[in-house]
Number of protein chains: 2
Amino acid sequence: MVKITDVARRAGVSPSTVSYALSGKRPISDATRRRVQAAARELGYRPHAGGRPPAGRRSKVLALAVPLRPGVHVPVVTEFAVSVVTAARAHDHDVLLLTRGEGEEGLRHVADAGLADAAVVMDVQLQDPRLPLLRSLPLPSVLIGVPAEPDGLTCVDLDFRAAGELCVDHLARLGHRVVALVGSPPEVYVRRTAFARRLVEGFTSAADRHRLVSTVHPCGSGRDAARAIAERLLREQPALTGVVVHNEPLLDPLIDAFERLGLRVPGDLSLTAVCPAPVAGSARVPVTSVTVPSAELGTRAVHLLVRKLSGAPVPQTTLLPPRLTERASTAARVLA
Amino acid sequence: MVKITDVARRAGVSPSTVSYALSGKRPISDATRRRVQAAARELGYRPHAGGRPPAGRRSKVLALAVPLRPGVHVPVVTEFAVSVVTAARAHDHDVLLLTRGEGEEGLRHVADAGLADAAVVMDVQLQDPRLPLLRSLPLPSVLIGVPAEPDGLTCVDLDFRAAGELCVDHLARLGHRVVALVGSPPEVYVRRTAFARRLVEGFTSAADRHRLVSTVHPCGSGRDAARAIAERLLREQPALTGVVVHNEPLLDPLIDAFERLGLRVPGDLSLTAVCPAPVAGSARVPVTSVTVPSAELGTRAVHLLVRKLSGAPVPQTTLLPPRLTERASTAARVLA
DNA sequence: TTCACCCGTCGAAGCGCTTCGACATCCTTG
DNA sequence: CAAGGATGTCGAAGCGCTTCGACGGGTGAA
């Protein structure tokens with residue numbers, strides 16, 4: 001292993017001069033700098049992380065805190081991870097996958113041991129136990145997902161409010177006048193995720209703007225819940241022709257339930273969803289959807305992190321604009 | 001950040017005693033050790049990586065050198081990565097994804113900067129440019145894939161020879177007497193991968209053992225190549241009833257070509273493949289196959305690495321036994 | 001009772017690097 | 001020609017930790 005003293009000896013200067021010549025933190029004469037650089041190159045010198053004083057120069061490593069509970073979400077998590085890694089590479093950083101502990105433990109470990117310069121934190125919940133830690137740690141971080149109280153943090157997420165609006169806009173443009181939102185299970189709105197509530201806001205406000213008749217229905221999962229909600233919707237709103245679904249596992253059962261009740265999709269009923277693209281594409285009827293842009297979120301998170309590291313100011317919350325992809329589940333309303 | 005001196009002060013001992021008490025590298029009285037441990041726990045002490053002398057204690061990080069060229073193989077690579085990460089977690093290690101440079105650069109960087117204790121190297125080729133480096137670096141490593149000259153390295157791979165045999169055994173057991181291997185493109189056998197050649201060996205020797213008539217045909221990809229090879233096989237070996245395919249992209253076109261020639265799979269022709277499970281399962285006809293067990297390979301690699309780190313001897317080359325999964329493409333030969 | 005030895009602990013050195021303060025030069029200026 | 005300021009370089013300290021060598025006190029044996 002070639003160290004700074006080797007370079008110094010070969011260049012005929014002191015180690016500190018080498019350090020300055022390479023870092024540019026102090027003015028060094030052109031001749032000396034060139035000599036040092038040549039020596040470093042010839043010897044294949046590469047600074048060893050062990051030598052850094054703890055708070056000193058960066059290790060060029062980004063930590064990625066991803067809850068990799070076996071079996072859960074693996075494809076989606078993966079998509080994020082790949083995009084983070086790719087983006088990190090573009091910024092000349094490596095990525096340290098955090099797998100120990102359930103999150104707090106791992107983050108503290110990275111910060112204390114100085115293993116990474118910064119962290120990307122995935123799967124953020126409304127009241128995430130990691131938040132106080134992130135606020136107090138000297139480790140810059142970016143969250144994917146917006147918690148209840150984002151003060152003092154940096155967050156990226158899809159703009160779920162706009163996503164809700166976009167679905168309604170789409171249905172309204174197709175001529176639908178009575179719409180419903182079939183949402184996530186009630187408990188989601190209470191305790192877990194902020195985005196669910198924002199989606200509802202967007203849905204409602206867009207419906208009002210278009211002067212549509214609209215209702216919102218949190219809904220559990222499973223075939224029975226699907227049947228129940230479908231029947232109820234038809235009973236309470238016989239004129240219903242547009243449905244927005246924000247509940248991945250319910251997608252297929254719901255389409256099924258509607259068809260059993262004699263409503264074809266999209267013939268009698270148009271349906272849009274907010275979900276990952278693969279889910280929408282592989283449903284019984286490919287569903288027009290607003291995609292959760294995992295890849296772009298990852299990229300964006302890394303960008304923000306790099307800016308933070310360079311000391312540049314970053315916005316507290318970045319919301320990505322949603323994009324709607326038309327598939328086979330929506331059509332213009334047939335006028336009676 | 002709480003450091004070793006803080007713990008020492010609180011426990012009323014010297015920093016070195018703390019170090020010994022926690023590492024167990026020297027005998028420390030029970031009372032002192034308990035006091036130190038209590039102090040460390042109360043203060044939330046965690047050693048900082050920066051303090052380690054370069055060759056000293058481990059950082060508990062495993063590097064994963066994965067050629068993440070965008071778009072290439074992502075799902076397969078991912079499966080490996082996930083299994084490596086999961087296994088690493090089981091051994092209380094984090095995983096550093098190497099993304100810089102094309103491989104040599106990244107490995108050298110990790111070794112020099114002391115970022116990881118060891119490395120898992122994926123996508124190893126017959127003449128891999130990283131091999132000399134791996135031999136000379138002070139960084140223990142395990143390769144996934146066996147190169148031409150594995151001396152001085154540690155490798156894990158599927159036992160492709162046995163995989164070839166297994167396919168033939170299966171066909172023989174079903175009563176097939178004339179078999180053919182449709183392999184990878186010729187250049188693969190020449191320059192790239194060792195496993196292709198080993199598969200051929202296994203195929204041939206098993207065929208001989210069962211006294212089957214057998215032929216081997218390297219083959220390019222694409223619909224035309226498939227048609228050509230299918231016609232040629234039937235012309236040269238009209239009695240052919242068993243085919244082994246080791247060429248993923250050719251799978252579907254080949255089945256197609258055979259059926260156009262009037263041969264049903266598996267009615268007239270039984271077909272087995274060596275490929276990842278998803279490819280086999282989603283082919284036109286689900287194909288009986290020997291799976292490349294990515295997950296197990298990753299796990300095994302980490303196991304070996306951990307053993308190496310602990311100083312235990314490890315076998316140079318570990319070949320995993322193949323397992324054959326029956327699907328819809330093989331059937332007993334119908335006796336004329 | 002004395003000597004030898006071992007156990008448990010400590011002090012100090014050292015890892016490779018950065019960075020602060022100091023010190024030569026050399027070039028401006030007055 | 002002297003004083004002052006740049007400019008470029010060096011020595012030394014220090015980061016948090018490990019580890020070597022040493023030392024003191026207790027124990028057991030003679």
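A note on names: the letters A, B, ... follow the listed sequences, proteins ahead of strands, and every chain is numbered from 1.
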Whole-Å distance between D:dG14 P and B:Lys3 NZ?
12 Å
Rounded to the nearest Å, what distance is computed from the CZ atom of residue B:Arg9 to the P atom of nucleotide D:dC17?
12 Å
Listing, residues 297-309 of chain A side-chain donor-acceptor contacts under 3.5 Å, not counting sequence neighbours, or none:
unit_1, atom_1, unit_2, atom_2, d
A:Thr299, OG1, A:Ala295, O, 3.0
A:His303, ND1, A:Thr299, O, 3.2
A:Arg307, NH2, A:Pro313, O, 3.3
A:Lys308, NZ, A:Ser141, O, 2.8
A:Lys308, NZ, A:Thr154, OG1, 2.7

Please state whether the phosphate of D:dT18, meaning OP1 or OP2, lies under 4.0 angstrom from any side-chain nitrogen or oxygen of B:Lys25.
no
Non-neighbouring partners of A:Thr5 that pass side chain to side chain contact (heavy atoms under 4.5 Å, CB included), sequence neighbours left out:
A:Lys3, A:Arg9, A:Pro15
I want to check one thing: is the phosphate of D:dC17, taken as OP1 and OP2, less than 4.0 Å away from some side-chain N or O of B:Ser19?
no
According to salt bridge (Lys or Arg N to Asp or Glu O under 4.0 Å), does anything in residues 131-156 of chain B pair up with another residue at least two apart or in another chain? List the pairs.
none
Whole-Å distance, A:Ile4 CD1 to C:dT19 P, equals 11 Å
With A:Ala38, which residues qualify under side chain to side chain contact (heavy atoms under 4.5 Å, CB included), at least two apart?
A:Arg41, A:Glu42
Per-residue pairing states of DNA chain C in dot-bracket (Watson-Crick or G-U under 3.5 Å; . unpaired, | other strand) read ||||||||||||||||||||||||||.|||
In whole Å, I'd like the distance from the CG atom of A:Leu22 to the P atom of C:dT19.
13 Å
The criterion is salt bridge (Lys or Arg N to Asp or Glu O under 4.0 Å); which residues satisfy it with B:Asp159, sequence neighbours excluded?
none
What residues, two or more places apart in sequence or in another chain, satisfy side chain to side chain contact (heavy atoms under 4.5 Å, CB included) together with B:Ala111?
B:Leu137, B:Leu139
Residues that B:Ala116 engages under side chain to side chain contact (heavy atoms under 4.5 Å, CB included), provided they are two or more places apart:
B:Val61, B:Ala63, B:Val110
Footprint string (nucleotides 6-13 of chain D, 5' to 3'): B base within contact, S backbone only, - free, heavy atoms under 4.0 Å:
--SBBBB-
In terms of side-chain geometry, is the basic nitrogen of B:Lys60 or B:Asp117 positioned less than 4.0 Å from the acidic oxygen of its partner?
no
